[in-house]
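Throughout, a chain's letter reflects where its sequence line sits, starting with A, and its residues are numbered from 1. Note that the structure is predicted; figures quoted are calculated from it, not measured.
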Amino acid sequence: MKQRLGDQIQKAIETCFRTGSLDSGQLPDVHLEIPAHAEHGDFATNVAMTMAKQERKAPRKIAEALVAALGDGEGLCSKIEIAGPGFINFYLAPGCWYGVLDQVMRQGADYGKSDVGAGVPIQIEFVSANPTGPLHIGHGRGAAVGDAVASLLTAAGYDVQREYYVNDAGNQVGLLGRSIWLRLKELRGDTIDFPEDGYRGDYIKDVAASLRDDQGYGVLDLAEDESIEVCGLYGMKVLLGMIEKDLQEFGIRFDNWYSEKSLYTRDMVNTELAKLAQKGLTFKEDGALWFRTTEYGDDKDRVLIRSDGTPTYFASDVAYHMEKFERGFKKVIDVWGADHHGYVPRMKAVLKGLGHSPEDLEVLMIQMVNLLRGGEPVTMGKRSGSFVTLRDVVEEVGKDACRFFFLMRRADSQLDFDLALAKEQSNDNPVYYVQYAHARICSINRNAADAGLEPPVTGKVDVSKLVLDEELDLAKQLQRYPESVVGAAQALEPHRIIYYLQELATQFHSYYNRQRVMTEDLETSKARLYLVNAVRTVLENALLLLGLNAPERM
RNA sequence: GGCCCCGUAGCUCAGCUGGAUAGAGCAACCGCCUCCUAAGCGGUAGGCCGGGCGUUCGAAUCGCCCCGGGGCCGCCA
C-alpha cells in the first residue's frame, strides 16, 4: 500500500519535471509516514519541504504542483490535501484497506513473513551462561529477547541459527569441581573448609549427592587433582542438562551448543592467534602475549596468553568469533548482559584487525531485571547463592507472563518485573489483556458456529458491509503488521511487536464492546466475522512469533 | 579519571533513524454487565520531554557542554 503510493508520488514528481512545473530535475527520496493524528490522513509526505531548497520555491507551491500531477493516484486516494508548512496528506479509499483482509486470510500463518532478509545467514548467540549453576532471572531476559529476535529475523527472511556457547574450558570448571568435591567429602562425613570463591549454592550439594548416588564415594579415592576434575566434568554435565531443560520449558531450543573446549581440542585458538601474529597484531610483554586492540579503537591492549602460559577467556573468544564467520555467517549477533558492554570495543577491534567490518558483529545489550513483588524489591544475594532462578519465576508466574514481561521493554533499559502483577488475572496484567482478545474472538467463532455460521471464506464476503470507522481502523492496523515485523527485526527490537499487539488488542476490545459481530443481518455478520478472524490471525501470528501462546479459551 | 546506558504525566515506559496539537498502561476521579467471556469498555484530570547552547524551514529525536541515576574499566569468567 505504502509502496504503491510512494510509486505514485515518484511518478508525479517526474511528471512535474516533464511539464516544467518543477525544474531542478533532482529526484528526492520520498519518505512516507503514518501521521500521529488521524486528521492528517492515512499517510503523509514531507517531500515538498525537502525539495524546497533545490527548487527555490515555497514548499506549499511545490506541493500544489505535485498534487495536481498526482490526480487521485490511480484511484488509490479518496482525498489529498496540503497542510501545515507543506505536508501532503493522503486519505486512502476504503477499498484499499479492505484488501488486507483477503491477504491475511489467504496467507494465514504466513501473514507477516517477508523475504527482505533474502536468506542471508545470520547467527545469534545468546544465554551462554556458564554451566556452573542454574539460570537466573537475568539469563531469562536474555533468553527471551534472543529467541524473539531470532524469530523476528527468521520471519523477515534471514537464515537464522541459534547458538549457545558453553564455557567449559576456564578456571570456573576447576572451581566447580572443587566445590562439588568438597560437598561430596562433606556428605561422607569429612569436615571441610569451603573456600570463599567457591560456588556456595545449595544446588552444589544436590549435584554432590547425585554423584554419590551414581558412583558412590569411589571418586574421592583418586588423586586430588583427578578427583576434582571428575567432579567438575560430572557437575557440568548435570548443570548443563538442567539449563537445557529450563530453557526447553521456557520454550527455547538452540540449533547448536558450541563447546569452548572444542576450540582447544581442535587447536582453533592457536590457529587464530597465529593469524593475528602474522598480521603483526600481537606482541610480548611481561611474559604475556598481547593483542594490540588499541590499534583499532580499544582503549587498552588486551592479554591473550598469560605469563604462566594459559590462555585468557579473550583468546578463546577471538577464536570463537573468527570461526563464526568461517562457518559462513554474514552477520553475527551476540546477546550480552549489560555488565559486559566494556567488551564490545575489543571484539570489534578483533574483527577489524582480521579484516572484517565491525558492523558484521552486532552486540545486543540486556539490561538488569529488578525483581519486585507487589512493588517491593525481592532481594537477591548472589554471593550467598540465593539468587532467584528462572525456573522459580516461570513456575510462579507462568511461561507466557514471564516472556511477555521480558519483552515488554527495550532490551537496553532496565526492567521492573513485578511477580505479583505478572501473576494477577486482571486487566492490570498486559499479558492476559492481549491473549484475552484472541480468546474472545475464538469465543465469537464458537457462538457463530452454534448459529450455523462458519468463519467466512475469502471471496464470499461482502466487505462493503464494513462501514464503521472502527472497522476501517482495524484493517489499517492489520495492514501495518508486516512492516512492524521487518522494522522490529532490523532494529533487533522485539518490544515493538508487544506494543503492536497491545494496540491491536485495544482496538479490538473497544470494537467488541461497542458493536456486536453477530447481528440480525446475515451479510453484516459474515463481514464482521471475516474482519475479526483476520484480527485473530494476526494476534496469533504475533503471539507465536514472540513465543507466547494464543489461547482459545481463558 | 576514561568509556557505555538512562533521564518524557505521581509510577512504569513507548515515541517508528528530524515533522504537524508529545502517547500508552498503572495509580486518582466519574461512569458501563437482562447484550457474542467485565481477564473487558467509555470519560475526566495529569507535561519546561533533566538544564543550556548549537545544527535547520522544523529537535523529545542529531552535535557539544553541564546536572542527576546506574554500570563497566583484571594476566576473573
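- Distances were taken from every side-chain heavy atom of Asp412(A) (C-beta onward) to each of G19(B), C6(B), G15(B); the shortest belongs to C6(B).
- Under 3.5 Å, the side chain of Thr312(A) and the base of C75(B) form no donor-acceptor pair of N or O atoms.
- Salt-bridge formation is not detected for the pair Arg200(A)/Asp197(A): no Lys NZ or Arg NE/NH1/NH2 atom is positioned less than 4.0 Å from an Asp or Glu carboxylate oxygen.
- For Phe43(A) and Phe90(A), the ring centers are positioned 6.0 Å apart or more.
- The nucleotide whose nearest atom lies closest to any side-chain atom of Tyr433(A) is, among C75(B), C41(B), A20(B), C41(B).
- Aromatic rings of Tyr343(A) and Phe314(A) (six-membered ring for Trp) have centroids beyond the 6.0 Å cut-off, not under it.
- Under the 3.5 Å distance criterion, with hydrogens and angles disregarded, no donor-acceptor pair is assigned to the side chains of Ser128(A) and Tyr258(A).
- Contacts of Gln414(A) with the nucleic acid, taken as non-hydrogen atoms under 4.0 Å apart, involve only primed sugar atoms and P, OP1 or OP2.
- Which of G23(B), C75(B), G71(B) sits closest to the side chain of His37(A) comes down to G23(B).
- For a distance-only test at 3.5 Å, the side chain of Asn46(A) qualifies as a donor-acceptor partner of the base of G19(B).
- You'll find that the side chain of Arg409(A) is closest to A14(B), out of C16(B), A20(B), A14(B).
- Among the atoms of the strands shown, none is found under 4.0 Å from any heavy atom of Ile305(A).
- Using a 4.0 Å heavy-atom criterion, one finds that His509(A) contacts the sugar-phosphate atoms exclusively.
- Helical stems in RNA chain B, defined as runs of 3 or more consecutive Watson-Crick or G-U wobble pairs with both donor-acceptor distances under 3.5 Å, are listed by first residue as B:1-5 with B:69-73, B:10-13 with B:23-26, B:28-32 with B:40-44, B:50-54 with B:62-66.
- By the 6.0 Å and 45° rule, Arg440(A) stacks over the aromatic ring of Tyr512(A).
- In the set C76(B), C72(B), A20(B), the nucleotide with an atom closest to the side chain of Asn89(A) is A20(B).
- Among the protein residues, Ser443(A) comes within range of the nucleic acid bases, having at least one heavy atom under 4.0 Å from a base atom.
- At a cut-off of 3.5 angstrom, the base of C32(B) holds no donor-acceptor pair with the side chain of Tyr512(A).
- Arg553(A) comes within 4.0 angstrom of a nucleotide base, judged by non-hydrogen atoms across all strands.
- Under a 4.0 Å N-O distance rule, the pair Glu540(A)/Arg536(A) qualifies as a salt bridge.
- Using cut-offs of 30° and 60° for the angle between ring planes, the Tyr313(A) and Tyr165(A) rings count as perpendicular.
- Taking the O4'-C1'-N9-C4 or O4'-C1'-N1-C2 dihedral as appropriate, C5(B) has a value more than 90° from 0 and is therefore anti.
- With C76(B), A20(B), U12(B) as the choices, the nucleotide that has an atom nearest any side-chain atom of Asp416(A) turns out to be U12(B).
- For the residue pair Asp400(A) and Gln435(A), a side-chain donor N or O sits within less than 3.5 Å of a side-chain acceptor on the partner.
- If you take atom P in C67(B) and the same atom in G58(B), they sit 30 Å apart, rounded to whole Å.
- If you check every strand for non-hydrogen atoms under 4.0 Å, Asp299(A) touches nothing.
- Looking at heavy-atom distances under 4.0 Å, Ser413(A) makes contact with sugar-phosphate atoms alone, never a base.
- A39(B) and U34(B) are spaced 15 Å apart, taking the P atom of each and rounding to whole Å.
- The listed nucleotides are C76(B), G23(B), C35(B); the one nearest the side chain of Arg516(A) is C35(B).
- U17(B) takes the syn form, because its glycosidic angle lies no more than 90° either side of 0.
- When heavy atoms are screened at a 4.0 angstrom cut-off, Gln490(A) is found touching no nucleic acid atom at all.
- Side chain of His341(A), nearest nucleotide from C72(B), G19(B), G42(B): C72(B).
- Across all strands shown, Asp418(A) has no heavy atoms under 4.0 Å from either base or sugar-phosphate atoms.
- Residue Gly170(A) is classed as a sugar-phosphate contact, given heavy-atom separations below 4.0 Å to backbone atoms only.
- When only modelled atom types and interatomic distance are considered, Thr310(A) and Asp308(A) share a side-chain donor-acceptor pair under 3.5 Å.
- Closest to the Asp339(A) side chain, of the nucleotides G19(B), C72(B), A20(B), is C72(B).
- Heavy atoms of Tyr499(A) sit under 4.0 angstrom from primed sugar atoms or phosphate atoms, though from no base atom.
- Within the nucleic acid shown, Ala439(A) comes within 4.0 Å of at least one base atom, counting heavy atoms only.
- Here A39(B) is the nucleotide among C75(B), G15(B), A39(B) with the atom lying nearest to any side-chain atom of Met554(A).
- Here His495(A) lies in heavy-atom contact (under 4.0 Å) with sugar-phosphate atoms only.
- Nucleic acid contact for Ala83(A): base, since at least one base atom lies under 4.0 Å from a heavy atom of the residue.
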